Amino acid sequence: MTTKKKRTLHTQNDRWVVIAADSAIEEHKHDSDPAFVRLRNPATDAESLYLFDNGDVQLYEVKAFKEDCHSWFIGQTVQRDGRVLYITAMDPLFLLLPFLIKAGKEGKFQPLDQVVMDEHFPACSRLLSCTQSLASIHHVAEEKEVGNLKFHRYSQEKTLDWLKKKVENTVKALRKSNISVGEGVKSSTYVRVKLESEDREEHYLRYGHGLISEYISEDLSKALLKHLQLPELTSPKESEPPSKKRKLEEKPVEAGEDYSKFNSADFARKPPKKMSAAQKTLAKVDKTGMKIMSAFFSPKAKAEKNSNNL
């Protein structure tokens, strides 16, 4: 007697396809392993995914490339989640800024462990373990030391100077990589257009400002725009970096023209065009008994010819 094999129920695999730097997973002299955590996004205030390496030394942001109807074949299994996760190093000061700005409204110096607190995202306290956090906190806050304790207070002036340097470093990286931005590039043909040096510099600054603005609040982004001495554009699309106008998760672009007009009755009932003088004369000719040219080449004409020969 044969027995039927039992089918195993489908279970969701907790596997991801990740592209990450070696530094995100390399071993340090710490007991803890790299860990994914959910923290508050500094720009949107929504929940986002981040990664702490071994010992919480460095913070990494996690971004996903996602398209519809994609999956992965891993070994002998099919992974339904077809996303690709990109993990890149991130300055933890961007995530600390919202805490400092909120506490700075009180106008007093406070210890960081009392400033960086969020009951909805308790893992935020791990930001203070990052080496870069304590080493760079003076870029965005004033500091006082009493005994062995340090107290900090948010500084808008220092923060804008720090963000300006971030924008300038971004511009240097773009130039070093020979990446053209703004109106210096025709997106359809990727042909460079010669621009004045001042215009070219403004395009780079706007592009760098757009990239940095992905990590700060809207109010701080507007303040940074003024600090860079760039006029605010009226069209929001013009102020966005070209690479951000099309999201990775968007569906394919649909046709811009209305092709439904070819199916309408009005399109088929267009008024006849005006005839020329020769066409009017030909229209008046008596066509009784006349055949059109195609009639001499039709199968019917050939059949009649064969019957006459018989």
Side-chain angles (χ1 to χ4, degrees), residues 20-63 85-166 169 211-221 223-224:
D22 292 337
S23 58
I25 57 176
E26 65 183 2
E27 296 183 0
H28 300 289
K29 295 180 180 180
H30 300 281
D31 296 333
S32 60
D33 295 326
F36 288 97
V37 297
R38 299 188 181 277
L39 300 172
R40 195 181 298 276
N41 189 294
T44 64
D45 203 39
E47 180 182 292
S48 296
L49 189 65
Y50 297 90
L51 174 72
F52 283 106
D53 66 354
N54 295 326
D56 298 349
V57 176
Q58 176 64 52
L59 175 71
Y60 296 84
E61 65 173 334
V62 182
K63 290 190 174 181
L85 301 184
Y86 293 89
I87 299 178
T88 54
M90 178 180 177
D91 194 332
L93 280 187
F94 285 113
L95 272 74
L96 291 175
L97 268 177
F99 296 101
L100 292 170
I101 293 174
K102 182 179 179 180
K105 295 178 181 179
E106 300 178 11
K108 59 182 181 180
F109 288 84
Q110 302 181 58
L112 289 178
D113 57 356
Q114 295 182 14
V115 173
V116 185
M117 294 187 299
D118 191 334
E119 59 180 2
H120 300 290
F121 301 96
C124 66
S125 59
R126 301 175 66 172
L127 292 169
L128 299 177
S129 301
C130 296
T131 305
Q132 192 174 0
S133 297
L134 299 180
S136 305
I137 195 68
H138 65 278
H139 290 306
V140 296
E142 299 174 356
E143 184 176 284
K144 281 187 177 182
E145 187 171 355
V146 180
N148 296 327
L149 300 177
K150 291 184 178 181
F151 302 85
H152 298 84
R153 181 176 65 184
Y154 172 70
S155 172
Q156 177 89 344
E157 183 180 356
K158 283 190 171 185
T159 300
L160 291 177
D161 289 338
W162 174 70
L163 291 173
K164 181 180 179 180
K165 291 181 181 179
K166 288 284 187 181
N169 290 336
L211 293 177
I212 298 300
S213 294
E214 292 188 358
Y215 301 94
I216 57 179
S217 65
E218 184 178 356
D219 292 339
L220 194 56
S221 175
L224 176 60

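The structure presented is a predicted model; accordingly, all values stated were derived computationally and were not measured.
In this structure, the side chains of Phe52 and Val37 come closer than 4.5 Å at one or more pairs of heavy atoms. The shortest distance between side-chain heavy atoms of Tyr60 and Thr88 does not fall below 4.5 Å. A 4.5 Å side-chain heavy-atom check between Val116 and Leu95 finds every atom pair outside the cut-off. Annotation: side chain of Leu100 is in contact with side chain of Ile137 (closest heavy-atom distance under 4.5 Å). Side-chain contact between Lys63 and Leu85: absent, with no pair of heavy atoms (C-beta onward) separated by less than 4.5 Å. By the 4.5 Å heavy-atom criterion applied to side chains, Gln156 and Leu220 are counted as neighbours. Counting heavy atoms from C-beta on, the side chains of Cys130 and Val57 never come closer than 4.5 Å. Side-chain atoms of Val140 and Lys158, non-hydrogen and from C-beta on, never get closer than 4.5 Å to each other.
Checking side-chain atoms of Asn41 against main-chain N and O of Asp45 turns up no donor-acceptor pair under 3.5 Å. For Asn169 (side chain) and Lys165 (main-chain N/O), a donor-acceptor pair under 3.5 Å exists by modelled atom type. Of the possible polar contacts, none joining the Gln58 side chain to the Asp91 backbone as a donor-acceptor pair under 3.5 Å is found.
With sequence neighbours excluded, no residue satisfies salt bridge (charged side-chain N to carboxylate O under 4.0 Å, His left out) with Glu119. Asp161 is linked by a side-chain hydrogen bond (donor to acceptor under 3.5 Å, both in side chains) to His227, counting only residues two or more places apart in sequence or in another chain. Considering only residues two or more places apart in sequence or on other chains, Asp219 meets the salt bridge (charged side-chain N to carboxylate O under 4.0 Å, His left out) condition with none of them. Legend: residues meeting side chain to side chain contact (heavy atoms under 4.5 Å, CB included) with Pro98, ordered by chain and number and at least two apart, are Pro42. Ser221 pairs by the side-chain hydrogen bond (donor to acceptor under 3.5 Å, both in side chains) definition with His209, Ser213, not counting sequence neighbours. For Ser136, the side chain to side chain contact (heavy atoms under 4.5 Å, CB included) test picks out Leu93, Gln132, His139, with sequence neighbours left out. Scanning for side-chain hydrogen bond (donor to acceptor under 3.5 Å, both in side chains) contacts around Lys164 gives an empty result, with sequence neighbours left out. Considering only residues two or more places apart in sequence or on other chains, Arg38 meets the salt bridge (charged side-chain N to carboxylate O under 4.0 Å, His left out) condition with Glu47. Every residue two or more places apart in sequence or in another chain was checked for a side chain to side chain contact (heavy atoms under 4.5 Å, CB included) with Pro122, and none qualifies.
Taking every heavy atom of both residues into account, Pro92 and Leu127 meet most closely at CB-CD2, 4.4 Å.
Atom CG of Leu59 is separated from atom CE of Met90 by 6.0 Å, given to the nearest 0.5 angstrom. Note that the CD atom of Glu61 and the CD atom of Glu214 stand 8.5 Å from one another [nearest 0.5 Å].
Sorted by first and then second residue, the salt bridge (charged side-chain N to carboxylate O under 4.0 Å, His left out) pairs involving residues 130-144 (not counting sequence neighbours) are Glu142-Arg153. Among pairs with a residue in residues 99-111, those fulfilling side-chain hydrogen bond (donor to acceptor under 3.5 Å, both in side chains) read Glu106-Gln110, at least two apart in sequence or across chains. Listed by first then second residue, pairs satisfying ring pair (Phe, Tyr, Trp, His ring centres under 6.0 Å) with a partner in residues 94-122 read Phe94-Trp162, Phe94-Tyr215, not counting sequence neighbours.
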- Give the intermediate values and the outcome of side chain to side chain contact (heavy atoms under 4.5 Å, CB included) for residues Tyr86 and Val62. CA-CA 6 Å; Tyr86 293 89; Val62 182; over 6 Å; no
